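Following: one structure in structure tokens, then a few remarks.
What you see is a predicted model; the values in this text were computed from it and never measured. These values consider heavy atoms only, across backbone and side chains, with no hydrogens, waters or symmetry-generated copies.
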Amino acid sequence: MLLREKSQRSFQMNRQLGSSLAVVAGAVNVLGFLQFGYYCANMTGNASSLALKINALDVRAAFLCLALITSFVLGAIVCTVLVNMGRRKGWGAVYAFSLVLEAVILVTLGVKSIWFTQVGVPDGAAALVLSFVMGLQNATVTRISGSVVRTTHVTGMLTDLGIEISDWLESFYHQVDDEYLDIIKKRLWLHAQIVFCFVVGGILGAVGYMHCQKYILFIVAIILVALAAPGILENARTSAHKK
């Protein structure tokens with residue numbers, strides 16, 4: 001699921017990866033909002049908030065919105081640098097390692113959050129870390145899928161879903177090539193499932209925040225490692241056989 005990219009990937013691979021990471025993104029986005037009052041995956045909302053805060057001359061809040069956006073972009077930059085470097089060095093599991101990096105950051109943040117909670121010190125930087133992680137994740141899935149899938153926001157997915165629903169409905173009134181119709185149905189299912197999984201992730205994130213706030217980031221990290229592990233192990237076996 002994490003060893004093939006772009007045209008080498010099937011709809012099933014994109015659907016499985018996109019849906020799994022959409023659950024993660026939905027959970028992290030809700031966690032960021034409940035903990036800090038900002039959506040760490042929704043940069044559209046943060047950009048709008050930035051404009052409103054600037055208009056209200058609220059410098060501190062405007063700076064935080066800008067910092068969240070900058071952190072998200074930095075995450076995407078780091079992912080791209082790692083992927084490009086991995087390709088040059090022949091790392092077959094470079095995308096899997098990106099998810100492991102995301103998991104490590106979340107575990108570190110989880111440990112840090114527990115410590116800060118114990119000593120009563122607020123950790124405002126955590127929101128920026130979550131935005132960075134979301135940028136890293138979105139760039140990972142965007143690169144590996146050839147821009148077919150994005151997981152940290154649903155605006156693009158809903159737009160694609162609307163287009164595909166329209167094309168699908170039109171097929172009832174106008175002749176459409178069977179192969180093209182099959183593609184439309186697969187993409188419709190892909191984007192609908194990702195949107196649904198994002199919402200489910202948000203629900204799980206809210207429930208986790210209420211009942212096991214200290215450990216929810218560890219749970220999310222475990223999910224990421226579980227997604228990355230098959231690709232890393234398969235790449236290791238392939239490398240061993242080549243030697």
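Within the structure, salt bridge (charged side-chain N to carboxylate O under 4.0 Å, His left out) contacts touching residues 42-68 (residues at least two apart or in different chains) do not occur.
Grouped with Leu57 in a hydrophobic cluster is no other residue, since no side-chain heavy-atom contact under 4.5 Å to another Ile, Leu, Val, Met, Phe, Trp or Tyr is found.
Taking Lys186 as the reference, Asp182 meet the salt bridge (charged side-chain N to carboxylate O under 4.0 Å, His left out) condition, with sequence neighbours excluded. Residues meeting the side-chain hydrogen bond (donor to acceptor under 3.5 Å, both in side chains) test with Thr151, sequence neighbours left out: Gln137. Considering only residues two or more places apart in sequence or on other chains, Gln213 meets the side-chain hydrogen bond (donor to acceptor under 3.5 Å, both in side chains) condition with Gln35. With sequence neighbours excluded, the residues forming a side chain to side chain contact (heavy atoms under 4.5 Å, CB included) with Gln193 are Arg15, Ser19, Trp189, Cys197, listed by chain and number. For Asp177, the side chain to side chain contact (heavy atoms under 4.5 Å, CB included) partners at least two apart in sequence or on another chain are Glu179, Tyr180. Applying the ring-ring contact (aromatic ring centres under 6.0 Å, His included) rule to Tyr173 yields no partners; only residues at least two apart in sequence or on another chain are considered. Residues satisfying the side chain to side chain contact (heavy atoms under 4.5 Å, CB included) test with Val199, not counting sequence neighbours, are Ile203. Evaluation of the side chain to side chain contact (heavy atoms under 4.5 Å, CB included) rule for Thr80 yields Asn84, Arg143 as partners, not counting sequence neighbours.
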Scan the side chains in residues 216-224 for donor-acceptor partners under 3.5 Å anywhere in the protein, sequence neighbours excluded, and list what turns up.
none

Donor-acceptor pairs under 3.5 Å, side chain of residues 23-34 to any protein atom, not counting sequence neighbours: which ones?
from, atom 1, to, atom 2, distance (Å)
Asn29, OD1, Cys40, N, 3.1
Asn29, OD1, Ala41, N, 2.8

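Of all heavy-atom pairs spanning Cys79 and Thr140, the tightest one is SG-OG1, 3.2 Å.
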